[in-house]
Amino acid sequence: FAQNMESLNGNFVNAGISDNAIFFQDDQNGVASYEVPAGSLTHTIYAAALWVGGLDINGQAHVSGATFTPNGWSSGPIADPMNYNSVSYQNQYASSLWKVTRQEVDDHIAQYQQGGYTPVSAISDWPGNGDVSLGVADQLAPFVDQDGDGVYEPLDGDYPDFPGDEVVYVIVNDEANPVLSYLGVEMHMMFYQFNDNGYLGESTFLNTRVFNRSTIDYFDFRQSIYADFDIGNYQDDYIGCDSSRNIMYAYNGDAVDETNGGAAGYGNNPPCQGVISLNRDMY
């Protein structure tokens, strides 16, 4: 399906986020989209994706994962199967990524009680509520519920709930266009950045939630991340893993990173790129 993209650029990194379950890649143009530093045209990741898997009661493995193609993932939340191709579902979820900044939230909090106020689309379109008439769950993305009624209503002061200074929220599912081993899950990915100096300003965070919307109970459930690191020139990189620190990383094979094949090199003293798990131990 068509790739929709947003750029998460709230700090030193310009990260391209899409809703086809593959991120940090502009697949329409076949180029990397994790640019470090922002505006430099140099990149450290060509593509990345999340993989999920588990065993059913019979020990049969169910796995959904992407590399350079969605491979069974589709944009949007799980719904009644008859509704995936409906006009209503497509209007709401054909593009299932939402970007909000902390400044937009602060402005909303300060103004929502003023007469004639209209929230910006980033606030009004936040997917706090799901369309239950389509078989979608009644609540999707997290929000601050000012009046405690369980319904996302920006004009009552509700607003998106997220860490950092800028966020892109993505919802995908593996049921609408399934492959043989699909699970029937809905995956929510919250990418966010801090507008800060130091390591925070050079980092992109990802918080994931996986909802089992199927009728199958899964055991030994695992989640992993696939990453195709390209430190500038993609032909001279090495990769490694330090399980004691829950980190995988890539680095240039020599001290000079040349431009090659249309990929801009970093030149002298190229950087390394790490992906660290903050709240789960690596296997």
Residue pairs meeting side-chain hydrogen bond (donor to acceptor under 3.5 Å, both in side chains), one or both in residues 48-72, sequence neighbours left out, come to Asp56-His62, Ser64-Asp174
Within the 6.0 Å centroid threshold, strictly below: Tyr89 and Tyr84: yes
Side chains of Ser18 and Gln25 in contact at under 4.5 Å (non-hydrogen atoms): no
With Phe221 via ring pair (Phe, Tyr, Trp, His ring centres under 6.0 Å) - residues at least two apart: none
Is a donor on one side and an acceptor on the other found under 3.5 Å between the side chain of Asp145 and the backbone of Gly150? yes
One pair to check against side-chain hydrogen bond (donor to acceptor under 3.5 Å, both in side chains): Tyr34 and Thr204. What are the steps and the verdict? CA-CA 10 Å; Tyr34 195 80; Thr204 301; 3.0 Å; yes
List in chain and number order the residues that pass side-chain contact (heavy atoms from CB on, under 4.5 Å) with Phe219, two or more places apart in sequence or in another chain; answer none if no residue qualifies. Ile57, Asp217
Answer yes if the ring centres of Tyr192 and Phe162 are under 6.0 angstrom apart, and no otherwise. no
Donor-acceptor pair, Thr42 side chain versus Val36 backbone, under 3.5 Å? yes
When you look at Asp19 and Ser96, which way does the side-chain hydrogen bond (donor to acceptor under 3.5 Å, both in side chains) test go after all the steps? CA-CA 6 Å; Asp19 63 352; Ser96 282; 5.1 Å; no
Non-hydrogen side-chain atoms of Tyr152 and Pro160 separated by less than 4.5 Å: yes
Taking only residues two or more places apart in sequence, or in another chain, which ones meet Glu166 in a salt bridge (charged side-chain N to carboxylate O under 4.0 Å, His left out)? Lys99
For Val132, which residues count as a side-chain contact (heavy atoms from CB on, under 4.5 Å) partner, sequence neighbours excluded? Asp138
Which side-chain hydrogen bond (donor to acceptor under 3.5 Å, both in side chains) pairs, counting each pair once, include a residue from residues 205-214, with sequence neighbours left out? Tyr169-Arg209, Glu186-Arg213, Thr208-Gln223, Asn212-Ser214
Using a cut-off of 6.0 Å, state whether more than 12 heavy atoms not belonging to Arg245 lie near its atom CZ. no
